[in-house]
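The next block holds one structure in the form of structure tokens; read it before the comments.
Ligands are counted one by one from 1 in listed order, and the atoms in each one are counted from 1 as well. Not measured: the values here are computed from a predicted model.
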Amino acid sequence: MDNIKLDLTGSFISEEELHEIKTEIMSAQETLLDRKGVSSEMTGWLDYMYRMDADEYRDIKNAAKYIKENSEAFILLGIGGSYLGAKAAIEAIRGDFHNELFSPQVYYAGQNLSGAYLKKLIKVINEKKVCIIVISKSGTTLETALSFRIFRCLMEEKYGEESRNRIFVVTDQLKGALKNMSDLKKYKTFAVPDDIGGRYSVITPVGLLPMAAAGIDTDKFIEGLRSGAEEYTKRDFENNICCLYATARNILNRRKKDVEIFVNYEPSCTSIAEWWKQLFGESEGKEGKGIFPASLNFTTDLHSMGQFVQEGREIIFETNLAVENNEDDMEVPFDPNDFDKLNYISGKTLNYINKKAFEGTFMAHNEGNVPGIIIRVPKMDEFYLAKLFYFFMMSCGISGYTNKIDPFTQPGVEAYKKNMFRLLGRSV
Ligand code: PA5
């Protein structure tokens, strides 16, 4: 069977250099797998896919069925780890124009505080049959809570008592304002496990419910997670690509490559990069340490940021997502007049041309002193996407412990909240 592969041939790291920090990496991996590190109580994601509650999973599928059968659109309310994974999956699997091609349509709210955004979204969904999925582990995040208040009022106005059936909640199983309200209002509620933090929660109801409602095959997704859990927990440095990716990132960072750019050539994978940025940014950026995670969509951004990557400050390395096979493709037609001088590629497919652009760019950036890592994914389906998520989470845990930081907290996020709440006059 094809598999996700890590290609370090353009990373400027030799075999000997990889092995120089093998002991450090293996020790970090052991700390993670044996749950001996800081915040080890937040490593439930390691084996969640084997411990999932079968009744809850059945309820997720039933809720998704209800949403599909009773709505033209659903709105996913959540921020950070409470929506990025599902958005990444829905776009990557259902494709660029899923809202125009499939039903139910999917919209997002609760991820910003913009009045203009919300007002326009309400206009868009106003005439549609709608369901709401609200996701917040703490149940107190302002962005999500505020948009939920607005949508709850709209839903009650529109559907009356029936609104109760159209609202689905994913939150802490015992506490928080959202949990209390859900109990009172009798919303169907799913639990975010205690031992899994936001940016590792795409594998729980946080990801599974919106994915299933959007028509994604969650059985196949869970199969991919199990395959990842089996393969990426092996204590085998040379053959575990999570260890090797964590090693390469750390070596490059020690060489003052402070920015890692996640590059992809498929627009439908843009939000995978957004999820990845949160995973690594929030996990590693602390105590004055960390690699700044950025992302670019090529070839689009070659016409905006390509100049900087090629000739700017030499602080960058690239991690390229290469999707090896894509069934959707088309050929360049032959034009007898050849006005645009493109007949030299007529008969070739767009995916072939995109691949050549990737190879050419990779070489050029290498020549510009930009180390390049390639993650080769056989195809972008539920199985491989889930495995890719797990690959990154595992790599991030290993990388974090190698750097002697806690990859499962985000204390710095509180700073802006404190100021904002003070400025808003909140008393408690
Ligand atoms: O990774 C994290 O923990 C965060 O990004 C959270 O997911 C985000 O802040 C949203 O929190 P909550 O789900 O409590 O609303």
(request) Could you check atom 2 (C) of ligand 1 against the protein and tell me its nearest heavy-atom contact, residue, atom and distance included? (result) Glu282 OE1, 3.2 Å
(request) Could you check atom 6 (C) of ligand 1 against the protein and tell me its nearest heavy-atom contact, residue, atom and distance included? (result) Gly81 N, 3.9 Å
(request) Would you mind checking which non-hydrogen protein atom is closest to atom 5 (O) of ligand 1, with the distance to 0.1 Å? (result) Gln278 NE2, 2.4 Å
(message) Please list the nearest protein heavy atom to atom 3 (O) of ligand 1 with its residue and the distance rounded to 0.1 Å.
(response) Gly198 N, 3.5 Å
(request) Assess whether atom NZ of Lys158 is packed by more than 12 heavy atoms of other residues, nucleotides or ligands within 6.0 Å. (result) yes
(message) Below 4.0 angstrom, counting only protein heavy atoms, does anything approach atom 13 (O) of ligand 1?
(response) yes
(request) Would you please indicate if the ring centroids of Phe408 and Tyr200 are separated by under 6.0 Å? (result) yes
(message) Tell me if the aromatic rings of Phe74 and Phe168 count as close, with their centers under 6.0 Å from one another.
(response) no
(request) Indicate yes or no: at least one non-hydrogen side-chain atom of Glu20 is less than 4.5 angstrom from one of Ile251. (result) no
(message) Measuring from non-hydrogen atoms of Ile79 to any atom of ligand 1, is the shortest distance under 4.0 Å?
(response) yes
(request) Just grab all the ring-ring contact (aromatic ring centres under 6.0 Å, His included) pairs involving residues 119-160, residues at least two apart or on different chains. (result) none
(request) Look at atom 11 (O) of ligand 1 and say which protein heavy atom is nearest, naming residue and atom and giving the distance to 0.1 Å. (result) Thr141 OG1, 3.6 Å
